[in-house]
Student: 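Here's a structure for you.
In listed order, ligands and their atoms are each counted from 1. Quick caveat: nothing in here was measured; it's all calculated off a predicted structure.
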Amino acid sequence: MSGIVVIFDFDETIIDVDSDNWVVNELGATDIFNQLLPTMPWNSLMDRMMEELHLQGKTIEDIEQVLNRVPIHPRVVPAIKAAYALGCDLRVVSDANMFYIETILKHLGIRECFSEINTNPSFVDEEGKLRVLPYHDFHKSDHGCKLCPPNMCKGKIIERIQAELATKGKKRIIYLGDGGGDFCPCTKLEESDNMMPRKDFPVWKLICENRDLVKAEVHEWVDGIDFHGILLQLITLMEDSENVIVDSTNLFDCKFKRIALRSIA
Ligand SMILES: Cc1ncc(C[n+]2csc(CCOP(=O)(O)O)c2C)c(N)n1
Ligand SMILES: [Mg+2]
């Protein structure tokens, strides 16, 4: 086991679209989705959209088939398999839902690479309808974070993971994400952690505008080629820097690799 935990956002990070929009659009429910969007929070809207699809005769198998052909860059699965093979602890933190994520990861043959999936719970009810629930029950209590949507504060999830890691000795985090919801967790990372925001996506813009709020090293990525290249380079570099104390000859190699990485100043 390496001392590295890699935390992945899901939509527009592991897969190349928003899974919610993908299912709605592919099953022909875009118009009703657009009508309902201004009237309720996203997470409640997804539960409602699953009801609409059920009423239109769409089955759970139809949803599975659509999820199984979701766009993903060909380098992403090899990157995840390689990070797992190198002994990293891989986790998902996503505002999609458990049914979508597990269906896609199983189809890609990488479900077992992940030790944990933190997302909105979902289940198939007795009528065969997919139900989507909030990660935090915002009807019961407010998570109190002003940056995040009411159903999920990814920063709270990172703090829980950090507390767990603190009990297991020193572990370093690499976080990959794209969305506005990935900014709060990124502000919780330490100097020795690495943040990989997707270039020109909301979290990248928020980091550029609030550079002082982010202590972690920042490495932007554009596509699956970067996802693969930068992630594996960072894992190697972080492992090297752990070995530096026992083998100082690694130091030059380590510095050289650091220069080779693309960073946001
Ligand atoms: C303008 C606008 N309205 C609503 C949303 C909400 N939203 C869209 S896809 C998604 C799932 C993200 O999953 P993951 O955390 O895996 O990326 C969420 C919560 C948004 N992003 N932008
Ligand atoms: Mg995302």
Student: For each nitrogen or oxygen atom of ligand 1, which protein N/O atoms lie closer than 3.5 Å, and how far apart are they, rounded to 0.1 Å?
Tutor:
{"residue": "ligand 1", "atom": "13 (O)", "partner": "D11", "partner atom": "OD2", "Å": "3.1"}
{"residue": "ligand 1", "atom": "15 (O)", "partner": "D9", "partner atom": "OD1", "Å": "2.8"}
{"residue": "ligand 1", "atom": "15 (O)", "partner": "D95", "partner atom": "N", "Å": "2.8"}
{"residue": "ligand 1", "atom": "15 (O)", "partner": "K154", "partner atom": "NZ", "Å": "2.8"}
{"residue": "ligand 1", "atom": "16 (O)", "partner": "D9", "partner atom": "OD1", "Å": "3.1"}
{"residue": "ligand 1", "atom": "16 (O)", "partner": "F10", "partner atom": "N", "Å": "3.2"}
{"residue": "ligand 1", "atom": "16 (O)", "partner": "D11", "partner atom": "N", "Å": "2.8"}
{"residue": "ligand 1", "atom": "16 (O)", "partner": "S94", "partner atom": "OG", "Å": "2.6"}
{"residue": "ligand 1", "atom": "17 (O)", "partner": "D9", "partner atom": "OD1", "Å": "2.7"}
{"residue": "ligand 1", "atom": "17 (O)", "partner": "D9", "partner atom": "OD2", "Å": "3.2"}
{"residue": "ligand 1", "atom": "17 (O)", "partner": "D11", "partner atom": "O", "Å": "3.3"}

Student: Which is it for H219 and D226 under the side-chain contact (heavy atoms from CB on, under 4.5 Å) test, yes or no, and what are the steps along the way?
Tutor: CA-CA 10 Å; H219 302 280; D226 282 353; over 6 Å; no
Student: So, the side chain of N151 versus the backbone of H136: is there a donor-acceptor pair under 3.5 Å, distance only?
Tutor: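 It does not hold such a pair.
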Student: Tell me whether M195 is reachable from L147 by hopping between hydrophobic residues (I, L, V, M, F, W, Y) whose side-chain heavy atoms are closer than 4.5 Å.
Tutor: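 L147 clusters together with M195.
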Student: Measure up the F227 and W221 rings against each other and bin them: parallel (under 30°), tilted (30 to 60°), perpendicular (over 60°).
Tutor: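 If you compare the ring of F227 with that of W221, the planes turn out perpendicular.
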Student: Could you go through the salt bridge (charged side-chain N to carboxylate O under 4.0 Å, His left out) check for D89 and K171 one step at a time?
Tutor: CA-CA 10 Å; D89 175 351; K171 295 253 179 185; 5.3 Å; no
Student: For R198, is there an ion pair with D16 - N to carboxylate O distance below 4.0 angstrom?
Tutor: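 Result for this pair is yes, salt bridge flagged.
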Student: Hey, mind stepping through C88 and I235 against side-chain contact (heavy atoms from CB on, under 4.5 Å) and telling me if it holds?
Tutor: CA-CA 8 Å; C88 298; I235 292 169; 3.7 Å; yes
Student: Are the aromatic rings of Y100 and F10 close, with centres under 6.0 Å apart?
Tutor: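 No, they do not, as the ring centres are separated by 6.0 Å or more.
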Student: Near the Mg ion (ligand 2), which protein N/O/S atoms are found at less than 2.8 Å?
Tutor: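 Result, waters dropped: D9 OD2, D11 O, D178 OD1.
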Student: Assess whether a salt bridge exists between K168 and E164, defined as any Lys/Arg side-chain N lying under 4.0 Å from an Asp/Glu carboxylate O.
Tutor: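 Looking at E164 together with K168, the answer is yes, because their closest N to O distance falls below 4.0 Å.
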